[in-house]
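Okay, structure first, notes after.
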2 protein chains.
Amino acid sequence: MGLRERKKEKTRLAILDAALDLFLEQGYETTTVEQIAGSVEISARTFFRYFTSKEHVVLWFHDHSEEVVTEALQRRPEDEPPFQSLLHALRVMLSEFNDATPEETERFLKMQRLIENNPALAGKSVARGVETERRMAVEVARRQGLDPAVHQLPHLVVAYAMATVRVGFECPRPKVTGMGEMFERVDAALMLAERSFRPGWDLAG
Amino acid sequence: MGLRERKKEKTRLAILDAALDLFLEQGYETTTVEQIAGSVEISARTFFRYFTSKEHVVLWFHDHSEEVVTEALQRRPEDEPPFQSLLHALRVMLSEFNDATPEETERFLKMQRLIENNPALAGKSVARGVETERRMAVEVARRQGLDPAVHQLPHLVVAYAMATVRVGFECPRPKVTGMGEMFERVDAALMLAERSFRPGWDLAG
DNA sequence: AAATTTATGGCACAGCATGACAGATGACAA
DNA sequence: TTGTCATCTGTCATGCTGTGCCATAAATTT
């Protein structure tokens with residue numbers, strides 16, 4: 001990895017940390033991009049070369065999560081019931097979070113806290129999650145040999161799986177102190193889901 | 001109803017129709033608020049007194065839907081299994097759409113077509129739907145005597161119900177010609193949901 | 001060291017959204 | 001009808017987000 005890329009990565013993280021701290025201190029909407037840029041000594045124009053928008057900073061973790069979860073899904077055997085594959089993939093994503101460095105963990109918790117306390121951001125976060133959902137639905141449909149434009153089942157299966165983790169993340173309103181606590185919550189939601197469905201409900205035909 | 005209110009309603013609908021047609025003709029993002037305002041002879045400032053934002057025009061139907069569905073939920077007996085109550089309420093909402101005037105139907109289909117062909121709008125629509133979801137989750141939690149801040153089940157039940165109709169609406173990608181066709185799709189999704197869960201999965205304890 | 005690719009900053013600009021104020025218009029009572 | 005009051009509307013000013021463009025600076029390659 002060259003100097004250039006290392007430098008870019010450093011700037012990206014500097015922006016990220018500065019922005020998150022500013023958001024938490026004085027609120028998301030009242031913090032301007034210019035302020036963020038100023039606090040890391042770059043121009044506002046450059047900010048938008050690292051993050052496509054102001055909200056992209058807060059939803060940044062989605063990018064990584066989507067990558068991890070889709071890869072994990074790909075690794076599951078094709079003949080496994082799709083909902084089970086999805087739950088597996090989602091658990092892989094969660095465990096990846098657990099392996100994160102302290103800095104990464106801190107960032108994630110800050111984003112989570114921001115989203116929790118800001119309905120507008122919560123909405124954006126869900127919308128971003130649904131993007132991932134659509135992509136996974138295509139993959140699940142392919143595995144089942146169904147046309148996603150005609151059959152609703154694949155999309156429905158993915159939607160339920162994603163809704164489960166979303167609820168798991170959202171639900172513990174009162175103070176999310178640490179990563180472990182949060183994962184217990186999400187895992188509780190996943191287990192709740194596991195015993196809620198009829199066997200074979202997610203299979204075509 | 002006085003002249004004043006009638007006039008307001010007329011303006012609101014004029015804005016709505018003009019905006020939807022412009023969006024469909026030249027695209028959502030390329031249409032400016034000023035253009036919309038101009039085509040109904042009002043100032044841009046006034047536009048924002050009728051709709052809180054440009055996207056509010058496209059997501060307008062959500063306001064009515066939320067009202068209908070929450071009222072319908074309230075009418076269900078408190079001891080009914082919550083998921084069943086939700087499906088009932090959602091079906092009431094759908095049937096209300098069926099009773100709509102031709103103009104209302106046309107507007108709704110336009111909005112639907114816009115959302116279908118614009119990922120950004122689709123995201124906003126989902127975000128709006130989740131707002132409704134949260135409110136209903138509070139009500140369902142109350143009915144079950146659970147604290148929504150602690151227990152995930154109520155939120156999960158509502159999330160699944162809402163995800164079902166969302167998938168029902170989204171799924172028929174290729175040409176949504178009429179209202180009836182759309183409702184068949186959504187109803188198909190609801191029936192799919194009905195036979196996917198274990199009996200009693202949505203009950204506390 | 002020169003040539004090439006890529007990142008950055010500054011500038012201009014369009015568009016969305018909001019606050020403030022003054023004038024127009026409907027509501028209502030005398 | 002007229003006058004008063006509440007409400008709606010347009011105009012103006014303003015702040016902020018996000019993008020295109022171009023010149024400059026930095027890193028990479030040869």
Side-chain angles (χ1 to χ4, degrees), chain A residues 1-16 18-20 22-23 25-60 62-63 114-115 118-121 123-125 127-128 131, chain B residues 1-16 18-20 22-23 25-60 63 114-115 118-121 123-125 127-128:
Chain A
M1 204 199 274
L3 167 61
R4 201 163 223 157
E5 282 185 72
R6 261 181 294 132
K7 211 170 172 181
K8 270 188 86 170
E9 206 51 28
K10 211 176 122 188
T11 323
R12 165 166 284 115
L13 293 179
I15 297 174
L16 199 53
L20 291 178
L22 283 171
F23 292 158
E25 277 172 37
Q26 24 167 312
Y28 174 76
E29 9 266 343
T30 55
T31 305
T32 71
V33 169
E34 209 160 346
Q35 241 181 321
I36 302 167
S39 83
V40 283
E41 321 255 82
I42 60 168
S43 73
R45 187 68 187 82
T46 299
F47 172 92
F48 287 108
R49 291 197 178 99
Y50 282 90
F51 296 94
T52 60
S53 64
K54 198 173 126 181
E55 77 198 39
H56 187 201
V57 174
V58 184
L59 307 181
W60 194 58
H62 275 289
D63 293 356
L114 277 169
I115 293 173
N118 188 320
L121 285 178
K124 305 275 191 182
S125 179
R128 178 65 182 81
E131 265 181 59
Chain B
M1 203 199 278
L3 167 61
R4 200 161 220 158
E5 278 188 73
R6 262 181 293 132
K7 210 171 174 182
K8 270 188 87 171
E9 205 52 26
K10 210 176 123 190
T11 323
R12 166 167 282 117
L13 293 179
I15 297 175
L16 197 54
L20 292 178
L22 283 172
F23 291 159
E25 276 173 38
Q26 23 167 315
Y28 174 77
E29 8 267 343
T30 56
T31 304
T32 71
V33 170
E34 208 159 346
Q35 240 180 321
I36 302 168
S39 84
V40 283
E41 322 257 80
I42 59 166
S43 73
R45 188 66 186 84
T46 298
F47 171 92
F48 287 107
R49 292 196 177 100
Y50 281 90
F51 295 93
T52 59
S53 66
K54 197 173 127 181
E55 76 199 38
H56 187 203
V57 173
V58 184
L59 307 181
W60 194 57
D63 294 356
L114 278 168
I115 292 174
N118 188 320
L121 285 177
K124 305 277 191 183
S125 180
R128 178 63 183 82

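Since we're looking at a predicted model, the values are computed, not measured. Just so it is clear: chains get the letters A, B, ... in the order the sequence lines come, proteins before strands, and each one is counted from 1.
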Kindly compute the distance separating OH (A:Y28) from CD1 (A:I115), expressed to the nearest 0.5 Å.
-> 10.5 Å
For C:dA7, does either OP1 or OP2 sit under 4.0 Å from a side-chain N or O belonging to A:K7?
-> no
Measure across A:A14 and A:V40 and return the closest heavy-atom pair with its distance rounded to 0.1 Å.
-> O-CG1, 3.5 Å
Are the side chain of B:S125 and the backbone of B:L121 linked by a donor-acceptor contact shorter than 3.5 Å?
-> no
Which nucleotide in the set D:dC8, D:dA26, D:dG10 lies at the smallest distance from any side-chain heavy atom of B:K8?
-> D:dC8
Starting from the 5' end of DNA chain C, give me the residue, A:A44 or B:T31, whose nearest nucleotide shows up first.
-> A:A44
Separation of D:dT9 atom P from B:F51 atom CZ, nearest Å, is 12 Å
Side-chain contact check for B:T32: nearest option of D:dG18, C:dG15, D:dT9 is C:dG15
Round to a whole Å and report the spacing from CG of A:L3 to P of D:dT29.
-> 11 Å
Evaluate whether atom CD of B:Q35 has more than 12 neighbouring non-hydrogen atoms of other residues, nucleotides or ligands under 6.0 angstrom away.
-> yes
Touch class at under 4.0 angstrom, heavy-atom based, for A:T30 against every strand present | nothing
Here the distance between atom C1' of D:dT19 and atom CD of B:E29, to the nearest Å, is 14 Å
D:dT17 C1' sits how many Å from B:E55 CD, rounded?
-> 14 Å
What's the OH-P distance between B:Y28 and C:dC16, to the nearest Å?
-> 8 Å
Atom CD of B:E34 to atom P of C:dA17: distance rounded to whole Å?
-> 13 Å
Does any donor-acceptor pair link the side chain of A:R4 with the base of C:dT6 at a separation under 3.5 Å?
-> yes
Under 4.0 Å: is that the gap between some side-chain N or O of A:T46 and OP1 or OP2 of C:dT8?
-> no
What nucleotide among C:dG10, C:dC16, C:dT25 has an atom nearest to a side-chain atom of B:F48?
-> C:dC16
Measure the distance from CZ on B:F23 to P on C:dG15 and round it to the nearest whole Å.
-> 13 Å
Have a look at A:N118 and tell me which of A:K124, A:E55, A:E29 forms a side chain to side chain donor-acceptor pair (under 3.5 Å) with it.
-> A:E29
Starting at the 5' end of DNA chain C and moving along, which residue's nearest nucleotide shows up first, B:R49 or A:R45?
-> A:R45
Looking for any heavy atom pair under 4.0 Å, which part of the strands does B:Y50 touch: base, sugar-phosphate only, or nothing?
-> sugar-phosphate
Would you mind classifying the nucleic acid contact of A:F47 as base, sugar-phosphate or nothing, using non-hydrogen atoms under 4.0 angstrom?
-> nothing
Remember a base hit wins even if backbone is also touched, and classify B:E41 as base, sugar-phosphate or nothing at under 4.0 Å, heavy atoms.
-> sugar-phosphate
Using side-chain contact (heavy atoms from CB on, under 4.5 Å) as the criterion, point out the one residue from A:V57, A:V58, A:D63 that pairs with A:W60.
-> A:D63
Measure the distance from CD on A:E5 to P on D:dT28 and round it to the nearest whole Å.
-> 9 Å
Between B:K54 and C:dA17, does any side-chain N or O lie under 4.0 Å from OP1 or OP2?
-> no
